[in-house]
Amino acid sequence: MSNERWLTMKPRLWRPLLDGDLAVQAWEAVNAIALALETWSRGDPKEDQIETWLDRGVSLSGGAAGQALFQGYLFKVTGAERHAARAQQLLDEAIEALAMTPMHPGLYSGFTGVAWAAEHLGCLLDGEEEQEAGEVEDEDMSEEIDQALLTALDRFSWAGNYDLVSGLVGFGVYALERFPRPTAVRCLEAVVDRLDESAERNGQEVTWLGPTEALSGADQERTPHIYYDLGVAHGVPGVIALLADACRLGVRQDRARPLLEGAVRWLMLQALSGQRGACYPSRIGPGIEATPSRLAWCYGDPGVAATLLYAARAVGMKEWEDTALAIAAHAVNSTPEDAGVQDMGLCHGALGLAHLYNRIYQAGGGELFADAARRWYRLGLAMREPSQLVWATDSGFLTGAAGVGLALLAAVTPVEPEWDRLLLVAIPPRE
């Protein structure tokens with residue numbers, strides 16, 4: 001179908017960032033990942049490990065749906081039909097698993113993520129001619145998922161998470177991928193309504209209380225019951241990006257715009273002063289020492305900056321754009337040691353940082369960010385050990401091989417990485 005949202009937000013030109021030896025290294029890594037994942041299998045579920053199997057075997061974050069994205073973009077880049085066939089095979093396996101096993105609705109590890117991949121790959125693998133013609137397929141395979149989401153979201157009091165990874169913001173990202181279908185519009189409206197009802201207001205500031213069940217075991221033990229999350233993955237920056245899209249599309253503007261402006265105001269007030277290379281903590285709240293986060297997409301200044309820039313461009317707020325670019329430029333000065341990066345992945349690894357800086361550069365941020373992206377691509381590729389098939393240990397999108405491959409393809413080809421709509425960082429160019 002025609003996805004009108006992205007027809008008005010696409011960068012005019014995507015340019016390969018890497019050349020020379022660094023581009024050669026990147027292609028070598030992409031080919032190694034493709035080879036290692038050729039024989040990957042989701043396996044069969046064990047009764048006592050269903051959740052792990054769904055996440056690592058099926059989901060968008062860690063399983064077949066995320067790998068299908070990598071194979072789909074390999075097809076778009078190379079034109080090799082074997083990659084299209086592999087993408088379809090992986091997607092079919094993920095959809096089949098949904099029919100076999102109950103799955104929660106979260107975007108990254110749940111059934112909306114599988115449906116997002118199906119929607120995205122449907123356009124990618126079928127080509128853009130039908131998409132731009134505005135043709136709608138006779139059978140909408142995700143209509144049932146839309147209805148299930150609407151049933152959950154139509155409850156007046158929302159008690160679940162609000163975040164991107166598993167909650168309301170993630171449902172909104174799924175709805176955006178299917179926009180402007182009527183059920184997708186209703187889903188996005190319901191998400192804005194639930195965000196409005198669950199928001200905390202303090203004068204002109206708006207935020208959301210972080211649920212302790214969203215934390216990992218270790219973080220749950222050391223985090224007080226009352227806290228506020230400043231990461232894209234689980235916190236307010238993700239809400240800001242989603243609300244900006246709702247405003248731009250005219251969905252619940254009477255609610256979305258005050259929420260958006262209040263959330264941006266609240267976020268800007270949380271920056272720590274006098275810090276080198278980083279301004280934002282991961283969480284704040286009573287009893288939590290506010291210290292700068294490591295630098296990453298999931299938490300830290302680069303993710304905050306990218307989502308704030310995304311929101312600024314969506315609604316035309318120059319002041320927000322200037323702030324976002326200043327945050328990103330400040331983070332560029334951080335050393336690898338200060339950044340706290342220990343792996344390659346998208347979520348909190350070197351290539352996640354490289355991709356964020358590449359996105360900001362491609363959106364007109366300037367050569368400062370191109371240089372930073374190249375530096376992090378170089379550091380990330382240096383972490384690779386060719387003698388070890390590390391790709392097989394984590395094959396997923398968010399922290400593993402599929403995401404690494406996608407970030408590298410975005411650096412060496414002229415194909416826009418539209419998959420990063422999942423990260424809420426598909427920053428449009430200046431008008």
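Along the sequence shown, the residues carry numbers beginning at 1.
- When each of V232, V239, V236, N161 is paired with V169, the side chain to side chain contact (heavy atoms under 4.5 Å, CB included) condition holds for V239 and for no other.
- Between the side chains of D163 and S166, at least one donor N or O sits under 3.5 Å from an acceptor N or O.
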Would you give me the side-chain donor-acceptor pairs under 3.5 Å for residues 285-293, sequence neighbours excluded?
from : atom 1 : to   : atom 2 : distance (Å)
S293 : OG     : S282 : OG     : 3.2

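- In this structure, the separation between OH on Y174 and CG on L60 is 12.5 Å, given to the nearest 0.5 Å.
- Between the side chain of D301 and the main chain of Y280, a donor-acceptor pair closer than 3.5 Å is present.
- Of the charged side-chain nitrogens involved, at least one lies within less than 4.0 Å of a carboxylate oxygen, so that E321 and R313 count as a salt-bridged pair.
- With respect to E416 and R359, a salt bridge is recorded, a charged nitrogen being found less than 4.0 Å from a carboxylate O.
- Taking the six-membered ring for Trp and thresholds of 30 and 60 degrees, Y73 and W419 have ring planes more than 60 degrees apart, a perpendicular arrangement.
- Q362 contributes a side-chain N or O that, together with a main-chain N or O of R15, makes up a donor-acceptor pair within less than 3.5 Å.
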Can you give me every donor-acceptor pair (side chain of residues 404-413, partner residue at least two apart or in another chain, under 3.5 Å) with its distance?
from : atom 1 : to   : atom 2 : distance (Å)
T413 : OG1    : L409 : O      : 2.8
T413 : OG1    : V415 : N      : 3.3

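- In summary, E205 and R201 do not engage in a salt bridge, as defined by a charged side-chain N under 4.0 Å from a carboxylate O.
- Counting heavy-atom neighbours within 6.0 Å of Q89 CD, excluding the residue itself, gives a total above 12.
- Side-chain atoms of E418 and H120 form no donor-acceptor pair, as typed in the model, at a separation below 3.5 Å.
- When atom types are taken as modelled, the side chain of N202 and the backbone of Q204 share no donor-acceptor pair closer than 3.5 angstrom.
- Between the side chain of S59 and the backbone N or O of G62, at least one donor-acceptor pair lies under 3.5 Å.
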In a table with atom names and distances, give each donor-acceptor pair under 3.5 Å that connects a side chain of residues 345-356 to protein atoms at least two apart or in another chain.
from : atom 1 : to   : atom 2 : distance (Å)
H348 : NE2    : D343 : OD2    : 3.3
H355 : NE2    : D420 : OD2    : 2.8

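- The residue from V191, V185, D193 that alone fulfils the side chain to side chain contact (heavy atoms under 4.5 Å, CB included) condition with R252 is D193.
- Using a 30° and 60° split on the angle between ring planes, Y108 and F397 fall in the tilted class, from 30° to 60°.
- Interatomic distance, Y377 OH to L18 CG, rounded to the nearest 0.5 Å: 6.5 Å.
- Inter-residue side-chain proximity for E197 and R255 is flagged as met; some heavy-atom pair is nearer than 4.5 Å.
- One side chain, S395 or Q67, offers a donor N or O that lies under 3.5 Å from an acceptor on the other.
- Looking at R194, its side chain does come within 3.5 Å of a backbone N or O of L153 through a donor-acceptor pair.
- With hydrogens and angles ignored, the 3.5 Å screen pairs no side-chain donor or acceptor of S334 with any backbone N or O of A331.
- Between R181 and D146 there is no salt bridge, since none of the side-chain N atoms of the basic residue sits less than 4.0 Å from a carboxylate O of the acidic one.
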